[in-house]
2 protein chains.
Amino acid sequence: MSEQIDHVFAALSDGTRRAILTMLLEDDMAVTDVAEPFEMSLAAISKHLTILTRAGLISQEKRGRVKWCKLEPQAMREAIVWIESFGQLEALNYDAFEDFLARELGQS
Amino acid sequence: MSEQIDHVFAALSDGTRRAILTMLLEDDMAVTDVAEPFEMSLAAISKHLTILTRAGLISQEKRGRVKWCKLEPQAMREAIVWIESFGQLEALNYDAFEDFLARELGQS
DNA sequence: GCGAAGGTCAACCGAATGGTTGAATAAGTG
DNA sequence: CACTTATTCAACCATTCGGTTGACCTTCGC
């Protein structure tokens, strides 16, 4: 249970965390530097980073006393697939979709 | 702020709610019928539907004593745009798509 | 009008979020 | 060693989530 895609969508549901991911698009960053633009405490940012890590959206590696945060965008793939597939399925009429199911999965 | 995109991602972070959205791809449904495949109480489903409504992903219209749930997939647009901004990813992977089908629709 | 069906509401529960502050740990720097 | 920097941990707090049960209201069928 407790699927990864749940964690990914949950992680993306907070503006602070989305902003962090966007910052990390540019380059890896230390925790302190991630926290700098935000008005909340470092501990709060640390918790956000934990949630992003749990979702697999970032990884953290400690070098010396600095913990570097690195974007792991491939963790978004499952969520992208879900959301885009949904859009594509929605565009189909349902009979065609059922045909697809029958063809691809051998169900009826 | 409490932005809409926050609500959309939060709504999508629960497997029960994603399953409900997938069910509604086929047709509008009454609350009781939405609840039927799930093992939880009707009240629990009602709460999930409230969360989906808050996100704008469904609308509910009462006709007689029956409340009809209708998919509003355009509410996903903003979330799709955001998530696609990490577009260096392969957008649609066939294996993952099959997994999606199995998980979200393959429930007999 | 009566009873059943369709849904929500209210109260409760345990767990998770999102934030705080202050102490603690770890690792460079003088 | 002493100090400072980097980061987490622990405790606390208010709010939300995901679920339950039982009461309630509305509407349909008889």
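We name chains A, B, ... by the order of the sequence lines, and we start the count at 1 in each one. Note that the structure is predicted; figures quoted are calculated from it, not measured.
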Listed by chain and number, what are the salt bridge (Lys or Arg N to Asp or Glu O under 4.0 Å) partners of Glu39(A), not counting sequence neighbours?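 Glu39(A) satisfies salt bridge (Lys or Arg N to Asp or Glu O under 4.0 Å) with no other residue.
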Distance (rounded to the nearest 0.5 Å) between Cys69(A) SG and Gln60(A) CD: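 Going from SG on Cys69(A) over to CD on Gln60(A), the span is 4.5 Å.
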Any chance you could measure Leu57(B), atom CG, to Ile51(B), atom CD1, to the nearest 0.5 Å?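 The CG atom of Leu57(B) sits 11.5 Å away from the CD1 atom of Ile51(B).
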Does the pair Ile20(B) and His48(B) meet the rule for a side chain to side chain contact (heavy atoms under 4.5 Å, CB included), with working shown? CA-CA 9 Å; Ile20(B) 290 172; His48(B) 281 304; 4.2 Å; yes
Hey, could you give me each pair passing salt bridge (charged side-chain N to carboxylate O under 4.0 Å, His left out) that has a residue in residues 53-65 of chain B? Not counting sequence neighbours.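 Applying salt bridge (charged side-chain N to carboxylate O under 4.0 Å, His left out) to every pair that reaches into residues 53-65 of chain B, excluding sequence neighbours, yields Glu61(B)-Arg63(B).
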Distance-minimising heavy-atom pair for Ile5(B) and Trp82(B):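 In this case the closest contact between Ile5(B) and Trp82(B) is CD1-CB, 3.8 Å.
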Looking at Gln4(B) and Gly56(B), what are the two nearest heavy atoms and their distance?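 That closest heavy-atom pairing would be NE2-N, 3.6 Å.
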Reading DNA chain D 5' to 3', which nucleotide is the first, and which the last, to come under 4.0 Å of any heavy atom in chain A?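 Here the contact window of chain A covers dT4(D) to dA11(D).
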May I have the list of side-chain donor-acceptor pairs in residues 71-80 of chain B shorter than 3.5 Å, sequence neighbours left out?
from     : atom 1 : to       : atom 2 : distance (Å)
Glu72(B) : OE1    : Gln74(B) : NE2    : 3.1
Glu72(B) : OE2    : Ser59(B) : OG     : 2.7

Polar atom pairs between nucleotides 5-7 of chain C and protein, under 3.5 Å, N or O only, would you list them?
from   : atom 1 : to       : atom 2 : distance (Å)
dA5(C) : N3     : Arg65(B) : NH1    : 3.2
dG6(C) : O3'    : Arg65(B) : O      : 3.3
dG7(C) : OP1    : Val31(B) : N      : 3.3
dG7(C) : OP1    : Lys67(B) : N      : 2.8
dG7(C) : OP1    : Lys67(B) : O      : 3.2
dG7(C) : OP2    : Thr32(B) : N      : 2.6
dG7(C) : OP2    : Thr32(B) : OG1    : 2.2

Show, in sequence, the C-alpha distance, side-chain angles and deciding distance for Thr16(A) and Ile45(A), and conclude whether the side chain to side chain contact (heavy atoms under 4.5 Å, CB included) test is met. CA-CA 9 Å; Thr16(A) 300; Ile45(A) 294 295; 4.3 Å; yes
Contact list (N/O, under 3.5 angstrom) for nucleotides 17-19 of chain C vs protein:
from    : atom 1 : to       : atom 2 : distance (Å)
dT17(C) : OP1    : Arg54(A) : NH1    : 3.0
dT17(C) : OP1    : Arg54(A) : NH2    : 3.0
dG18(C) : OP2    : Arg17(A) : NH1    : 2.5
dG18(C) : OP2    : Arg17(A) : NH2    : 3.2
dG19(C) : OP2    : His48(A) : NE2    : 2.3
dG19(C) : N7     : Lys47(A) : NZ     : 3.1
dG19(C) : O6     : Lys47(A) : NZ     : 2.2

If hydrophobic clusters are built by linking Ile, Leu, Val, Met, Phe, Trp and Tyr wherever their side-chain heavy atoms come under 4.5 Å apart, do Leu24(B) and Leu42(B) end up in the same one?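 Result: yes, single cluster for both.
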